[in-house]
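Everything below concerns the one structure shown next.
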2 protein chains.
Amino acid sequence: MRQDAVRGHLDGLLLAVLEQGPLHGYAIITAVQERSAGALELRTGTIYPALNRLERVGLLRSSWQSVGERRRRCYELTEAGQRTLAGERTAWIEFTTAIGSVLNPAAPPGFAT
Amino acid sequence: MRQDAVRGHLDGLLLAVLEQGPLHGYAIITAVQERSAGALELRTGTIYPALNRLERVGLLRSSWQSVGERRRRCYELTEAGQRTLAGERTAWIEFTTAIGSVLNPAAPPGFAT
DNA sequence: TGCTATCTATTGGCAGCCAATATATTGGCT
DNA sequence: AGCCAATATATTGGCTGCCAATAGATAGCA
């Protein structure tokens, strides 16, 4: 998988893994990795700025937690984030439909199978 | 549809529309537009450099044609281009599978429907 | 005489992800 | 005790690759 593959779809990925409950940054990376069967390996330089941006625009909310001496910053979806996630899913379908129909055109009308 | 949406998939689109026969640049734009039901509107600044690049690396071959006074540059797939197209289709499936499985996770094992 | 469609082409810009880098804790293995 | 991998957060600079803007030419129609 091309490293740059998530370009344009990162927000949707982040929102999606946070849908089922709060996660901290490192856990988000592993969650995306697991759910994509290892295909998508996000880097810290990719997600931390993105998470900050998503919080800044009100799609996420964060809070610091402590596990012993270790601090974690947990992110969770806001209501706006949930609505945006729904929009991202719709956009994803439109996107794959568009590209897919060019890449694999349907048989023309009247084409006998 | 985001304008920037084809990023990373442009080559596949160009190769795919050329699979069924040679086309010139302008016709490629309309072909992509039609096959995507209007969703994808490529610009000249997008495709001409891309077509040149694909020819330079041997995936396309071009020839000038004349229709009256008007000149057209027709592109067609080389054999390498056909092989690359097949690879692009495989990569597309892997890509959509990866993103899709994160965006819309399958029900976990044991989840009663 | 314009306006739209057809046709090719180049350049600069910039959005957005990544590599590299920095820092610190924790737990297991030897 | 010492080392290393895993866990955890964060920033910066850079580059890829598409797009907007621009340019120019022919053709047909109102």
*Check the distance between dC17(C)'s C1' and D11(A)'s CG and give it to me in whole angstrom.*
12 Å

*Enumerate the residues from residues 31-50 of chain A whose closest heavy atom to DNA chain C is under 4.0 Å, giving them by residue number; use none for an empty result.*
R43(A), T44(A), G45(A), T46(A)

_Closest approach of M1(A) to E94(B) (non-hydrogen atoms, all atoms of both residues)_ = CE-O, 3.7 Å

_Taking the side chain as everything from C-beta on, heavy atoms only, tell me whether I29(A) gets closer than 4.5 Å to T46(A)._
no

_Shared hydrophobic cluster, I93(B) / L40(A) (ILVMFWY, side-chain heavy atoms < 4.5 Å)_ = no

*Ion pair R53(A)/D11(A), N-O distance below 4.0 Å*: yes

*Going only through I, L, V, M, F, W and Y residues with side-chain contacts under 4.5 Å, is there a path from Y26(A) to I47(A)?*
no

Please list, pair by pair, any protein nitrogen or oxygen found under 3.5 Å from a nitrogen or oxygen in nucleotides 25-27 of chain C.
| unit_1 | atom_1 | unit_2 | atom_2 | d |
| --- | --- | --- | --- | --- |
| dT25(C) | O2 | R70(A) | NH2 | 2.0 |
| dT26(C) | OP1 | E69(A) | N | 3.1 |
| dT26(C) | O4' | R70(A) | NH2 | 3.4 |

*Roughly, in whole Å, what's the span from CG in L51(B) to C1' in dC18(D)?*
14 Å

*Of the non-hydrogen atoms in V17(B) and R35(B), which two are nearest, and what is the gap between them?*
CA-NH1, 3.6 Å

*Would you say T78(B)'s side chain and G58(B)'s backbone share a donor-acceptor pair under 3.5 angstrom?*
yes

*Return the value, rounded to whole Å, for the distance between atom CG of L14(B) and atom C1' of dC18(D).*
12 Å

_Both H24(B) and D4(B) contact DNA chain C. Taking the nearest nucleotide for each, which residue is further toward the 5' end?_
H24(B)

*Tell me, which stems hold DNA chain C, with a stem being 3 or more Watson-Crick or G-U pairs in a row and both distances under 3.5 Å?*
C:1-30 with D:1-30

_From CD1 of I28(A) over to P of dA10(D), roughly how many Å is that when rounded to an integer?_
11 Å

*CD/Q65(A) to CZ/R70(A) distance, rounded to the nearest 0.5 angstrom?*
13.5 Å

*Looking at R73(A), does any N or O in its side chain come under 4.0 Å of the phosphate oxygens OP1/OP2 on dA10(D)?*
yes

*Could you check whether the rings of F95(A) and W92(A) sit parallel, tilted or perpendicular, using 30° and 60° as the cut-offs?*
tilted

*Hey, is the main chain of L103(B) close enough, under 3.5 Å, to the side chain of R89(A) for a donor-acceptor pair?*
yes

*Do any side-chain nitrogens or oxygens of N52(B) fall under 4.0 Å of OP1 or OP2 in dT8(C)?*
no

*asked:* Testing T96(A), V32(A), L13(A) one by one against I99(B) for a side chain to side chain contact (heavy atoms under 4.5 Å, CB included), which residue passes?
replied: L13(A)

*Spacing of R53(A) atom CZ relative to dA15(C) atom P, expressed in whole Å*: 12 Å

*Starting at CZ of R7(B) and ending at P of dT16(D), how long is that distance when rounded to a whole Å?*
12 Å

*Inter-residue atom distance L60(B).CG - N52(B).CG, 0.5 Å rounding*: 9.5 Å

_At 4.0 Å (heavy atoms only), tell me whether R72(A) reaches a base, stays on the sugar-phosphate, or touches nothing._
sugar-phosphate

*Starting at atom CG of L60(A), determine the distance to atom P of dT9(D), rounded to an integer number of angstrom.*
14 Å

*Round to the nearest Å and state the distance from I29(B) atom CD1 to dA5(C) atom P.*
14 Å

